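First the structure, in the form of structure tokens, and then the observations on it.
What you see is a predicted model; the values in this text were computed from it and never measured. Start at 1 and go down the list; that is how both ligands and their atoms are numbered.
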Amino acid sequence: MTRALIIIDVQNDFTEGGALPVTGGADVAAGISTFLAANAGQYGHIYASRDWHDADGDNGGHFAVDDAPDFTASWPVHCVADTAGAEYHPALTLPEATVHIQKGQGTPGYSIFEGVDSGGEKFGELLIAAGVTDVDVVGLATDFCVRASGLDALTHGQHVRVLTDLVAGVDSGASERALAELAHAGAVLATSDALAR
Ligand code: VGL
């Protein structure tokens, strides 16, 4: 069994003060850092994704350019590649060996499985090459990128746990439904203190 931690989109634009802020996002950044300081050794591999959208165009309808965003399928401009909003939140401290994944160049790119590493290798291929069988998922946002990434991980045959105290969502009702959907699809809902050693 090889377990990986997947840290989804803990970026400035998804935290308080950002372009598309998720309430509790900064706390999630700090909480993940605290968890990692004690528990990084539980993981064979650590992956962190970032939304990395194109500045030009609407990224496949993801950016509301002409109309107001509906905050479900269209969004304010956020996480444009190489901007401060696309950087990891400053409270997120990642181990040196973290593999960085970028996604959403020209597309909505909700799932980390749509992303690639710095060499252009697809995330799903990286997991297979690393022999990963189990993943723990944390980050932002519960109802969008955490949901999509967790469901894709299950589809890719991974054993999936979602650490529910280390995620935060755009909408509280939708986030509860996303966690229920993940559980129904086969994910285990756990809390970080229950896993801590
Ligand atoms: C996300 C809304 C729009 C996310 C990304 O990271 O969950 N949410 N784009």
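In this structure, Val10 and Ile32 have side chains that are in contact, with non-hydrogen atoms separated by less than 4.5 Å. Residues Leu151 and Glu181 have side chains in contact (heavy-atom distance under 4.5 Å, counting atoms from C-beta outward).
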Give a table of atom pairs where an N or O of ligand 1 lies under 3.5 Å from a protein N or O.
residue  : atom  : partner : partner atom : Å
ligand 1 : 6 (O) : Asp9    : OD2          : 2.9
ligand 1 : 7 (O) : Ala141  : N            : 2.9
ligand 1 : 7 (O) : Cys145  : N            : 2.9
ligand 1 : 9 (N) : His62   : NE2          : 3.2
ligand 1 : 9 (N) : His78   : NE2          : 3.3

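Remark: Asp9 does not engage Arg50 in a salt bridge, criterion side-chain N to carboxylate O under 4.0 Å.
Residues passing the ring-ring contact (aromatic ring centres under 6.0 Å, His included) test with Phe144 are Trp75, Tyr110, sequence neighbours excluded. Residues that satisfy the side chain to side chain donor-acceptor pair (under 3.5 Å) test with Asp13, not counting sequence neighbours, are absent from this structure.
Listed by first and then second residue, the side chain to side chain donor-acceptor pair (under 3.5 Å) pairs that reach into residues 114-127 come to none, sequence neighbours excluded.
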